[in-house]
Number of protein chains: 4
Amino acid sequence: MTTTRKDNGRPRADARTGTSGGARRRAKGSSTLASERREHLVKLAAELFAEKGYQATTVRNIADEAGILSGSLYHHFDSKESIVDEILTSFFDELAAANQAALAEGGEPREVLSELVRICFGTLVPHRAAIMVLQNDWNYLKQFDRFDYLNKAEAETERLWVGQIKRGQESGLFREDIDPKLTYRMIRDTIWVTVRWFQPEGRLDADGLADHYIKVLFDGISQHR
Amino acid sequence: MTTTRKDNGRPRADARTGTSGGARRRAKGSSTLASERREHLVKLAAELFAEKGYQATTVRNIADEAGILSGSLYHHFDSKESIVDEILTSFFDELAAANQAALAEGGEPREVLSELVRICFGTLVPHRAAIMVLQNDWNYLKQFDRFDYLNKAEAETERLWVGQIKRGQESGLFREDIDPKLTYRMIRDTIWVTVRWFQPEGRLDADGLADHYIKVLFDGISQHR
Amino acid sequence: MTTTRKDNGRPRADARTGTSGGARRRAKGSSTLASERREHLVKLAAELFAEKGYQATTVRNIADEAGILSGSLYHHFDSKESIVDEILTSFFDELAAANQAALAEGGEPREVLSELVRICFGTLVPHRAAIMVLQNDWNYLKQFDRFDYLNKAEAETERLWVGQIKRGQESGLFREDIDPKLTYRMIRDTIWVTVRWFQPEGRLDADGLADHYIKVLFDGISQHR
Amino acid sequence: MTTTRKDNGRPRADARTGTSGGARRRAKGSSTLASERREHLVKLAAELFAEKGYQATTVRNIADEAGILSGSLYHHFDSKESIVDEILTSFFDELAAANQAALAEGGEPREVLSELVRICFGTLVPHRAAIMVLQNDWNYLKQFDRFDYLNKAEAETERLWVGQIKRGQESGLFREDIDPKLTYRMIRDTIWVTVRWFQPEGRLDADGLADHYIKVLFDGISQHR
DNA sequence: CATGAATGAGCTTTCATTCAT
DNA sequence: CATGAATGAAAGCTCATTCAT
């Protein structure tokens, strides 16, 4: 048995931290190479999923891009689903970690919320494909049990945001007449959906977008003298 | 020559205005009946597209829902594409008309913008399927030339919104430090994306949602003394 | 029951002679009108079969051409096969009659053969479609029992031609070293296949073609002093 | 990059000359084997096309004959069209090469023409299917752009034949009162159409047929004392 | 006679996946 | 690890034909 991960596609803890256990086990480091190959394939697939959509991307498309035959992909992944799973998992894991860190740092609700917004916008470039898939293909992917964990992660995120909004209302910082849950959803969607047209090379980069949005979010578009 | 429309799937003018020319022909009643049957099928398809997505919905799914065989659908439509085309066209036509009407009525930019927002939220229920398809399947559909007209319609809508935002800035009503185009896109996306979780039977109906969003949009979530 | 012929598609004797029995039965002559309508439809179908081929021509193509719906064709014919059957039958009947007449007239084998050749070329215009179908679609149609009669008719024609060739050889008019049956087949094919490129409006009309071919057939292309 | 040819179906030069480049690569042997499999499938398809016609032969028919599923054929070919394309191309390439060789050898027009006739008859057995398809299905296939090259090839062949006929007329060998183009077409058609009834096992083989036809062509069927 | 709706069988093609080599 | 061949299920679509109205 090799260390190649074909089982569930969910990265094990050590795979994410970068301290590959495989390297320790294999003097020659071949499993690390394998892992690099694997990550390369995931990246290629991600690009295609982002561009054409998950369903419209065939495993042959991915294989072609990698210069191999479609059947050969199954040495690295046990299904097309497991590839996208890997893309999504890595995104969610990173996001959750960043969110936790922001929370841990503490501060006024406005500061925390701003930081959460900035974190979201910050994933737009490194996790473009995952967000694109979530925006375009989630309606399809949600039917598979294997992706249930995404709903759980999202619920947890919602809990966290809504908590901050309520805290802001209680401390008199935020208006009383807004619905925390509703407001969270709108913020969330507004941010993620930008992935469809956002161009990192454009006039505004991700940080610029975040700043712009934070302004509007907290104070609206009206002129307040 | 028959009245069955299989050609381009784009509704004729009289079909959109509501003063159905077909009604006048009702003497034989067949053309109206045919049109009703057709509309019924479109509705069934729309429901399925909304729920499962365009690609994941098979023509057999649609036919099953209608209690006929898949081949029989082709008596009414040229192709699967032409069905979704019909759904989208009817949405865009109605939206464009409503937008024009709002513009024509005039008023301060804040009033016009509020009305535009309300119009958008107002389509959430009657055109749920079209909006759902646009959110979930546009990335796929855009590759087909036949849907190019949607891009044109969207460009026109953008022109209209951005015009109002700029007018508001010029008259000192809206902040100078927001980007009109960017702001429009965020508003647009924030509204349409709600289709994914909006439940008309829930706590807030479409009007309630609109009001809530208009508040946040103009004045932000911060408490302004 | 009307006099409309839906049964086997093979014209009854009186239908071919032109002295329509139907006219006698119906004072109003409606059946004659029906017959004209029917013949018109056959003509339209023939044109399409000639141009696109039998298989590639759909009953909808035919109906479209006639300005009716495909189902309506089945009031006149009981199947697509019966339409082509009618086209072929009328061709073969006329050809057989002309051949018989040529035989009956008698004369030297060279004269008779020339006449037979001329008859064949003479059908090129009035029976273009039938000949085209026979050239292009016979390989497909032959599988259906209903067209077996065409083989019999062809066998009879072959008997007749071969008889003349043999008679010519016996009387010393034709070379001894040619195979009668083989020669017949080549003559036959050479003539009919011209339907693919023959243009009645071109440099040579059907008679011109016949004369040209007769020259070559009897004396070859070599210069004989 | 693999050696499997799915692109245009037109054989590469080395595949036609017989000095298979694949043979050199035989070390692994896979590419040669693949090519053999492919050729085998083409042969099976050719047989079916010849017997039932191109349109009437389904890809399932072909797959059944090969003992595989219809979808599996698409591992080897792009489409049904590309299979027949391969059949026709290989025929035309070989014919063109043989014609060129005959021309290059030179000789009196009568000799050259005789050789051309013999070449045509000579393809009757090895390329039976291609010729059959051309006779029966060309009327259908010609509508596809991909087969335009066949028209060009035919035009080139015509140029070549007509040139020889004219040369014969100028040198006084052939009669002046025959139309070169017309004569060519009749010769051409007379030869190819024999594919419909020619049986290599019969009384005359392809050479016998050719000799018989050459006799009639040059000197006619009349007894010339 | 014609319509309009539907049938039912079949079509070519696609595609994720498997597996012996 | 990769290939090449195949599977098997399903996809969108076509078409001759039927039949109640």
Side-chain angles (χ1 to χ4, degrees), chain A residues 2 4 30 33-34 37 55-63 66-81 83, chain B residues 1-4 28-31 33-34 37-38 41 55-63 66-81 83, chain C residues 2 4 30 33-34 37 55-63 66-81 83, chain D residues 2-4 28-31 33-34 37-38 41 55-63 66-81:
Chain A
T2 72
T4 311
S30 77
L33 271 173
R37 181 103 178 90
Q55 291 174 85
T57 300
T58 69
V59 295
R60 230 204 282 277
N61 288 153
I62 304 170
I68 58 177
L69 291 183
S70 65
S72 307
L73 274 180
Y74 288 80
H75 283 285
H76 304 280
F77 309 96
D78 45 55
S79 70
K80 193 185 166 189
E81 274 175 38
I83 303 178
Chain B
M1 234 245 257
T2 70
T3 41
T4 310
K28 275 203 81 181
S30 69
S31 89
L33 273 174
R37 181 87 179 106
R38 184 188 172 86
L41 293 171
Q55 291 174 86
T57 301
T58 70
V59 293
R60 273 196 250 276
N61 288 153
I62 303 171
I68 58 177
L69 290 178
S70 69
S72 306
L73 274 180
Y74 289 80
H75 181 61
H76 303 277
F77 309 96
D78 276 353
S79 65
K80 193 184 165 190
E81 271 178 40
I83 303 178
Chain C
T2 71
T4 311
S30 77
L33 272 173
R37 181 103 179 90
Q55 291 174 86
T57 300
T58 68
V59 295
R60 230 204 282 277
N61 289 153
I62 303 170
I68 57 177
L69 291 181
S70 64
S72 307
L73 274 180
Y74 288 79
H75 283 285
H76 303 279
F77 310 96
D78 45 56
S79 70
K80 193 184 165 189
E81 275 176 37
I83 303 178
Chain D
T2 70
T3 40
T4 310
K28 277 203 81 183
S30 69
S31 90
L33 273 174
R37 181 87 178 105
R38 184 189 173 84
L41 292 172
Q55 291 174 87
T57 301
T58 70
V59 295
R60 267 199 257 275
N61 289 154
I62 303 170
I68 58 178
L69 290 179
S70 69
S72 306
L73 274 180
Y74 289 79
H75 181 61
H76 303 278
F77 308 96
D78 277 353
S79 65
K80 193 184 164 189
E81 272 177 39

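Since the model is a prediction, treat every value here as computed from it, not as a measurement. The chains referred to below are lettered A, B, ... by the order of the sequence lines, with proteins before strands, and numbering in each begins at 1.
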N or O in side chain of B:R38 less than 4.0 angstrom from E:dA5 OP1/OP2: no

Residue pair D:A66 / D:L41: nearest heavy atoms and the distance that separates them: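 D:A66 and D:L41 have their closest heavy atoms at CB-CD2, 3.5 Å.
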
field: Minimum heavy-atom distance between A:L69 and A:A63, given as atom pair plus value
entry: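 Distance-wise, the nearest heavy atoms are C-CB, 3.5 Å.
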
field: Pairing residues for B:S72 by the side-chain hydrogen bond (donor to acceptor under 3.5 Å, both in side chains) criterion, not counting sequence neighbours
entry: none

- prompt: What residues, two or more places apart in sequence or in another chain, satisfy side-chain hydrogen bond (donor to acceptor under 3.5 Å, both in side chains) together with C:S79?
  reply: none

- prompt: So which one's nearest nucleotide on DNA chain F is more toward 5', D:L41 or B:N61?
  reply: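 Counting from the 5' end, the first nearest nucleotide belongs to D:L41.
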
Euclidean distance, [Y] [atom2] relative to [X] [atom1], rounded to 0.5 Å:
X	Y	atom1	atom2	result
B:S70	B:R60	OG	CZ	4.5 Å
C:H75	C:I68	NE2	CD1	9.0 Å
C:K80	C:L73	NZ	CG	11.5 Å

message: Generate the contact string for nucleotides 15-21 of chain E. Rules: B means base contact, S means sugar-phosphate contact only, - means no protein heavy atom under 4.0 Å.
response: SSBB---

- prompt: Looking for any heavy atom pair under 4.0 Å, which part of the strands does D:I68 touch: base, sugar-phosphate only, or nothing?
  reply: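 Touches sugar-phosphate only.
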
query: For the pair made of CG in A:L73 and P in F:dG4, what is the distance, rounded to whole Å?
result: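 It is 15 Å, rounded to the nearest whole Å.
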
query: Tell me: NE2 of C:H76 to C1' of F:dA16, nearest whole Å?
result: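 From C:H76 NE2 to F:dA16 C1': 17 Å.
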
field: Pairing annotation in dot-bracket form, given for DNA chain F with Watson-Crick or G-U pairs under 3.5 Å and | for cross-strand partners
entry: .||||||||||||||||||||

